[in-house]
*Asks:* 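One structure is given below, represented as structure tokens, and several questions about it will come after.
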Amino acid sequence: MPAAHVPLLRLRTRLRPVFSKELSMIHHELSQWPLVISVSAGLQTIEGMRAFTDDWNRWLDRGEPFASLRVFADADALVHPEGSAQSAKQWLQERGADIRRHMMGMASVVPADQYEKMRKMNVEKLFGVPASTFADADDALVWIGERVMEPRGLRFDLAAVRAAIRSARAAVAVVS
């Protein structure tokens with residue numbers, strides 16, 4: 001693909017929210033690549049989960065290292081749809097090697113009232129990459145910077161990343 005098409009592809013992907021029967025919304029912000037910012041709000045559906053893994057498949061298929069900042073805007077966004085465990089397990093088995101090869105690290109931001117419950121989940125073991133859970137996006141960004149980006153000689157523009165998070169939060173708030 002010619003280099004001139006890459007920004008258009010990224011823009012199209014960046015602006016493509018995932019809707020699922022108006023119950024949930026996930027918005028991916030790719031403007032800060034290799035940091036993928038995903039903001040989720042509302043209850044997920046199986047269809048929304050499939051769309052989410054389709055997006056991950058596209059990022060993994062790029063063959064480039066990236067980091068993930070997942071922001072769960074509300075407690076509902078943390079609820080997995082009934083029947084999703086088996087498909088999630090299958091996807092992790094199919095793509096596990098690619099995740100470990102390309103995923104530099106993952107930080108999850110959860111609502112403060114959900115933090116104690118969610119921090120006990122061993123996301124690092126599940127995905128096989130550095131991972132941690134936070135109640136505050138700034139704490140997650142510090143962790144990503146120090147633990148994921150800086151060891152690889154990478155940096156991000158903190159103001160631009162914060163703006164991207166605000167933009168993604170606004171996109172899901174419009175629908176929620």
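Note that this is a predicted model, so its numbers are computed, not measured.
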*Asks:* To the nearest 0.5 Å, tell me how far R169 CZ sits from I37 CD1.
*Replies:* 11.0 Å
*Asks:* S132: which residues meet the side chain to side chain donor-acceptor pair (under 3.5 Å) condition with it, sequence neighbours left out?
*Replies:* none
*Asks:* Under 4.5 Å between any side-chain heavy atoms of S108 and M118, yes or no?
*Replies:* no
*Asks:* Could you tell me which residues satisfy side chain to side chain contact (heavy atoms under 4.5 Å, CB included) with A67, sequence neighbours excluded, listed by chain and number?
*Replies:* L35, M104, V148
*Asks:* Evaluate side-chain contact (heavy atoms from CB on, under 4.5 Å) for R58 paired with D54, printing each intermediate quantity in order.
*Replies:* CA-CA 6 Å; R58 278 190 290 283; D54 287 346; 4.0 Å; yes
*Asks:* Please identify each residue that fulfils side chain to side chain donor-acceptor pair (under 3.5 Å) with E150, with sequence neighbours left out.
*Replies:* none
*Asks:* To the closest 0.5 Å, what do you measure between CE (M106) and CH2 (W143)?
*Replies:* 9.0 Å
*Asks:* Once you round to the nearest 0.5 Å, how far does CD1 of I144 lie from CZ of F156?
*Replies:* 6.0 Å
*Asks:* Run the salt bridge (charged side-chain N to carboxylate O under 4.0 Å, His left out) test against E116 and tell me which residues pass, sequence neighbours left out.
*Replies:* R119
*Asks:* Taking side chain as C-beta onward, heavy atoms only, is W56 less than 4.5 Å from M103?
*Replies:* yes
*Asks:* Walk me through whether L60 and I99 qualify under side-chain contact (heavy atoms from CB on, under 4.5 Å).
*Replies:* CA-CA 7 Å; L60 292 167; I99 292 168; 3.9 Å; yes
*Asks:* Can you list the residues that meet the side chain to side chain donor-acceptor pair (under 3.5 Å) rule with D61, with sequence neighbours excluded?
*Replies:* R95
*Asks:* Identify, with sequence neighbours excluded, every residue that meets salt bridge (charged side-chain N to carboxylate O under 4.0 Å, His left out) alongside R147.
*Replies:* E124
*Asks:* Any side chain to side chain donor-acceptor pair (under 3.5 Å) involving residues 81-91? Give me the pairs, sequence neighbours left out, ordered by first then second residue.
*Replies:* N57-W91, Q90-E94
*Asks:* Just jot down the side chain to side chain donor-acceptor pair (under 3.5 Å) partners of Q114, sequence neighbours excluded, or say none.
*Replies:* none
*Asks:* Of E29, H28, R70, which is the lone residue that meets side-chain hydrogen bond (donor to acceptor under 3.5 Å, both in side chains) with S38?
*Replies:* H28
*Asks:* Going by the rule salt bridge (charged side-chain N to carboxylate O under 4.0 Å, His left out), which residues pair with R50 if we only count those two or more places apart in sequence or in a different chain?
*Replies:* none
*Asks:* Where do V39 and I165 come nearest, in terms of heavy atoms and distance?
*Replies:* CG2-O, 4.5 Å
*Asks:* Among residues at least two apart in sequence or on other chains, which ones pass salt bridge (charged side-chain N to carboxylate O under 4.0 Å, His left out) with R166?
*Replies:* none
*Asks:* What residues, two or more places apart in sequence or in another chain, satisfy side chain to side chain contact (heavy atoms under 4.5 Å, CB included) together with S40?
*Replies:* I26, F72, A77
*Asks:* For a side-chain contact (heavy atoms from CB on, under 4.5 Å) check, start with the C-alpha distance between L69 and V71, then their side-chain angles and the critical distance, and finish with the verdict.
*Replies:* CA-CA 6 Å; L69 173 64; V71 178; 4.1 Å; yes
*Asks:* Do V142 and F134 share a hydrophobic cluster, counting only Ile, Leu, Val, Met, Phe, Trp and Tyr and linking them when any side-chain heavy atoms are less than 4.5 Å apart?
*Replies:* no
*Asks:* Check the pair F127, R100 against side-chain contact (heavy atoms from CB on, under 4.5 Å), reporting the backbone distance first and the verdict last.
*Replies:* CA-CA 7 Å; F127 282 90; R100 290 184 295 280; over 6 Å; no
*Asks:* How long is the gap from CG on D98 to CZ on R62, to the nearest 0.5 Å?
*Replies:* 14.5 Å
*Asks:* Hey, are the side chains of M149 and P34 touching, using non-hydrogen atoms and a 4.5 Å cut-off?
*Replies:* yes
*Asks:* Tell me every residue that passes side chain to side chain contact (heavy atoms under 4.5 Å, CB included) with D113, counting only those two or more places apart in sequence or in another chain.
*Replies:* P111
*Asks:* Quick one: do V129 and L92 end up in the same hydrophobic cluster if we chain Ile, Leu, Val, Met, Phe, Trp and Tyr together by side-chain heavy atoms under 4.5 Å apart?
*Replies:* yes
*Asks:* Students often mix this up, so state it plainly: with edges at 30° and 60°, are the rings of F66 and W59 parallel, tilted or perpendicular?
*Replies:* perpendicular
